[in-house]
Asker: 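Okay, handing you the structure first.
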Number of protein chains: 2
Amino acid sequence: MQATAFSPHDHSHCISSAIDHAQNLCTERGVRLTPVRQRVLELVWRSHQPIGAYELLAALAKEGFNSAPPTVYRALEFLGEQGLLHKLDSLNAYVGCCNPDTPHQGHFLLCEACNKAQELESQYINLALKLSADQHGFEIQRHTIEIIGTCKECLEKPNLLEPTL
Amino acid sequence: MQATAFSPHDHSHCISSAIDHAQNLCTERGVRLTPVRQRVLELVWRSHQPIGAYELLAALAKEGFNSAPPTVYRALEFLGEQGLLHKLDSLNAYVGCCNPDTPHQGHFLLCEACNKAQELESQYINLALKLSADQHGFEIQRHTIEIIGTCKECLEKPNLLEPTL
DNA sequence: GATGTTATGTTATATTATAACAACTGTCAA
DNA sequence: TTGACAGTTGTTATAATATAACATAACATC
Ligand SMILES: [Zn+2]
Ligand SMILES: [Zn+2]
Ligand SMILES: [Zn+2]
Ligand SMILES: [Zn+2]
């Protein structure tokens, strides 16, 4: 198993790689990764825990950015359109996209113990979704696929929440 | 293909069957399907279009029920716990469950043209989710699976939204 | 009918998201 | 260099969704 959000890794690399990638993509596409947009992306990548819009807003405010809701929602809208992040509907929170080169909605593992999210792109899931849709003559535009539970790391930890009696 | 939310059918049968089923389940389980709970369930089943909490609230108000938000959210919470409805996270709306006997989260086809939802329970999807989770040592507790697009009926309709020039 | 439990009423507030319009910034060409 | 335009940001207000907290009522059981 490769490195994931759930296993220990050099996260500063995740951040710098995501930002570099975003800058390149925006340049290629002729769109502007303005300071507030880049900062929101950095904040989203601060950890693998999805972050809410108002939490982002508070962080921006601390740093002297404009801090009215439209500011952050506009940045999130831009970043979403560029495929640089995903919204997790079951959490109303946002997480950086691991692979922003090609449009996709992704599949997510959400750990309720550590609150981290790992994006997947499973061809088995895509195939199963397609199969179900086809059976009903349904044409898929997009999807929300969020698998909620407990990650490997948290399963292996001594259970801190239920100490022995 | 059997009857679905998307195809024409005797919907009054859907409603009465859902309510009968709910009454039986609640009796068996020793829980109370009180008037407001039953009415909310009926309203949710009013159509196959998922309905929002505040739309339910407005409908209850018209009928003389108490109409403060906690009233409807409590009813939704109860009905959700009893497996009688599902929340669709991508819509913030609620839809009646077709098969409330056994606990499940379901998979949903959501048509953006007619706004109807069809619940599925695809073993292929379940298997594909399990496979992805297992590959990461992830233990699934629940999931949100919403497939958004256009249903068969709407695909077959002459396109009313884009008239010929 | 006293008691404990469940359900409902009520008020207030928290959380998430958007509408509407004004002001500013960068680009490019007349 | 000015004007025109598109894109971006600032600002204010409000919409939409959801919950906290505490009081009262209804129901069950003894
Ligand atoms: Zn990382
Ligand atoms: Zn992605
Ligand atoms: Zn029906
Ligand atoms: Zn169901």
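Remember, predicted model here, so these are calculated numbers, not experimental data. Computed over heavy atoms, backbone and side chain alike; hydrogens, waters and symmetry mates excluded. Within every chain, numbering begins at 1; the chains are lettered A, B, ... in the order of the sequence lines, protein sequences first and strands thereafter.
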Asker: Please state how far atom CZ in A:Phe78 lies from atom P in D:dT8, giving the value in whole angstrom units.
Answerer: 7 Å
Asker: For B:Pro69 and for B:Val36, locate the closest nucleotide of DNA chain C by heavy-atom distance; then report the residue assigned to the nucleotide nearer the 5' terminus.
Answerer: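 Residue closer to the 5' terminus by nearest nucleotide: B:Val36.
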Asker: In whole Å, what is the span from the CZ atom of A:Phe65 to the P atom of D:dT8?
Answerer: 16 Å
Asker: Report yes if a side-chain nitrogen or oxygen of B:Asn92 is closer than 4.0 Å to either non-bridging phosphate oxygen (OP1 or OP2) of D:dA18; otherwise report no.
Answerer: yes
Asker: Without decimals, in angstroms, what is the distance between B:Tyr73 OH and D:dT17 P?
Answerer: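 For the pair B:Tyr73 OH and D:dT17 P, the rounded distance is 7 Å.
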Asker: Go through the side-chain N and O atoms of A:Asp89 and B:Ser90 and say whether any donor and acceptor fall under 3.5 Å apart.
Answerer: no
Asker: Between B:Arg37 and B:Glu42, does the salt bridge (Lys or Arg N to Asp or Glu O under 4.0 Å) criterion hold? Intermediate values first, please.
Answerer: CA-CA 9 Å; B:Arg37 289 168 175 175; B:Glu42 287 165 359; over 6 Å; no
Asker: Using atom CG of A:Asp89 as one end and atom P of D:dA18 as the other, report the distance to the nearest whole Å.
Answerer: 12 Å
Asker: Supply the atom-to-atom distance A:Lys130 NZ to A:Asn126 CG, rounded to the nearest 0.5 angstrom.
Answerer: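 If I round to the nearest 0.5 Å, the distance is 11.0 Å.
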Asker: Taking the six-membered ring where the residue is Trp, are the ring centres of A:His86 and A:Tyr94 under 6.0 Å apart?
Answerer: no
Asker: Can you tell me how far C1' of D:dT19 sits from CG of B:Leu76, to the nearest Å?
Answerer: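 Rounded to whole Å, this separation is 13 Å.
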Asker: Between A:Ala68 and B:Tyr94, name the one whose nearest nucleotide on DNA chain D is closer to the 5' end.
Answerer: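 First, find each residue's nearest nucleotide; the 5'-ward one identifies A:Ala68.
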Asker: Does the side chain of A:His21 pick up a donor-acceptor pair with the side chain of A:Asp101 at under 3.5 Å?
Answerer: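 Looking only at side-chain atoms, A:Asp101 and A:His21 do form a donor-acceptor pair, the distance falling under 3.5 Å.
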Asker: C:dG9 base to B:Arg74 side chain: any donor-acceptor pair below 3.5 Å?
Answerer: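 Donor-acceptor pair under 3.5 Å: yes.
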Asker: Side chain of B:Pro70, heavy atoms from C-beta onward: which of C:dT18, C:dT10, D:dA18 has the nearest atom to it?
Answerer: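 Of the candidates, C:dT10 comes closest.
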Asker: Write down the distance between CZ (B:Arg37) and C1' (C:dG9), rounded to a whole number of angstrom.
Answerer: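 It is 14 Å, rounded to the nearest whole Å.
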Asker: With a 4.0 Å heavy-atom cut-off, tell me which residues in residues 24-35 of chain B come close to DNA chain C, sorted by residue number.
Answerer: B:Arg32, B:Thr34
Asker: Going by heavy atoms closer than 4.0 Å, what residues in residues 38-55 of chain B are next to DNA chain C?
Answerer: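 Result for residues 38-55 of chain B: none.
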Asker: Counting just side-chain N and O atoms, does A:Lys87 come under 4.0 Å of either OP1 or OP2 of C:dT16?
Answerer: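 So the side-chain polar atoms of A:Lys87 never come under 4.0 Å of the phosphate oxygens OP1 or OP2 of C:dT16.
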Asker: Check the side chains of A:His104 and A:Glu119 for a donor-acceptor pair under 3.5 angstrom, ignoring hydrogens and angles.
Answerer: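 Yes, a side-chain donor-acceptor pair sits under 3.5 Å.
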Asker: Mind checking whether A:Phe65 and A:Val44 sit in one hydrophobic cluster, side chains of I, L, V, M, F, W, Y counted as touching below 4.5 Å?
Answerer: yes
Asker: Can you tell me which residue among B:Leu76, B:Asn92, B:Val95, B:Thr144 is in a side chain to side chain contact (heavy atoms under 4.5 Å, CB included) with B:Lys87?
Answerer: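 Testing each of B:Leu76, B:Asn92, B:Val95, B:Thr144 against B:Lys87, the sole residue satisfying side chain to side chain contact (heavy atoms under 4.5 Å, CB included) is B:Asn92.
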Asker: Could you work out which one of D:dA18, D:dG10, C:dT10 sits closest to the side chain of B:Thr71?
Answerer: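 The closest nucleotide is C:dT10.
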Asker: Do B:Lys152 and B:Glu156 sit within salt-bridge range, that is, some charged N less than 4.0 Å from a carboxylate O?
Answerer: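 Looking at B:Glu156 together with B:Lys152, the answer is yes, because their closest N to O distance falls below 4.0 Å.
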Asker: Can you tell me the distance, in whole Å, between the CG atom of A:Leu57 and the P atom of D:dG10?
Answerer: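 About 12 Å, once rounded to whole Å.
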Asker: As a test of reading the structure: which of C:dT16, C:dT11, D:dT11 is closest to the side chain of A:Asn66, going by heavy atoms?
Answerer: D:dT11
Asker: May I have the distance from A:Glu77 (atom CD) to C:dA19 (atom P), rounded to whole angstrom?
Answerer: 10 Å
Asker: Taking the six-membered ring for Trp, are B:His9 and B:His11 ring centroids under 6.0 Å apart?
Answerer: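 Yes, they do, as the ring centres are separated by less than 6.0 Å.
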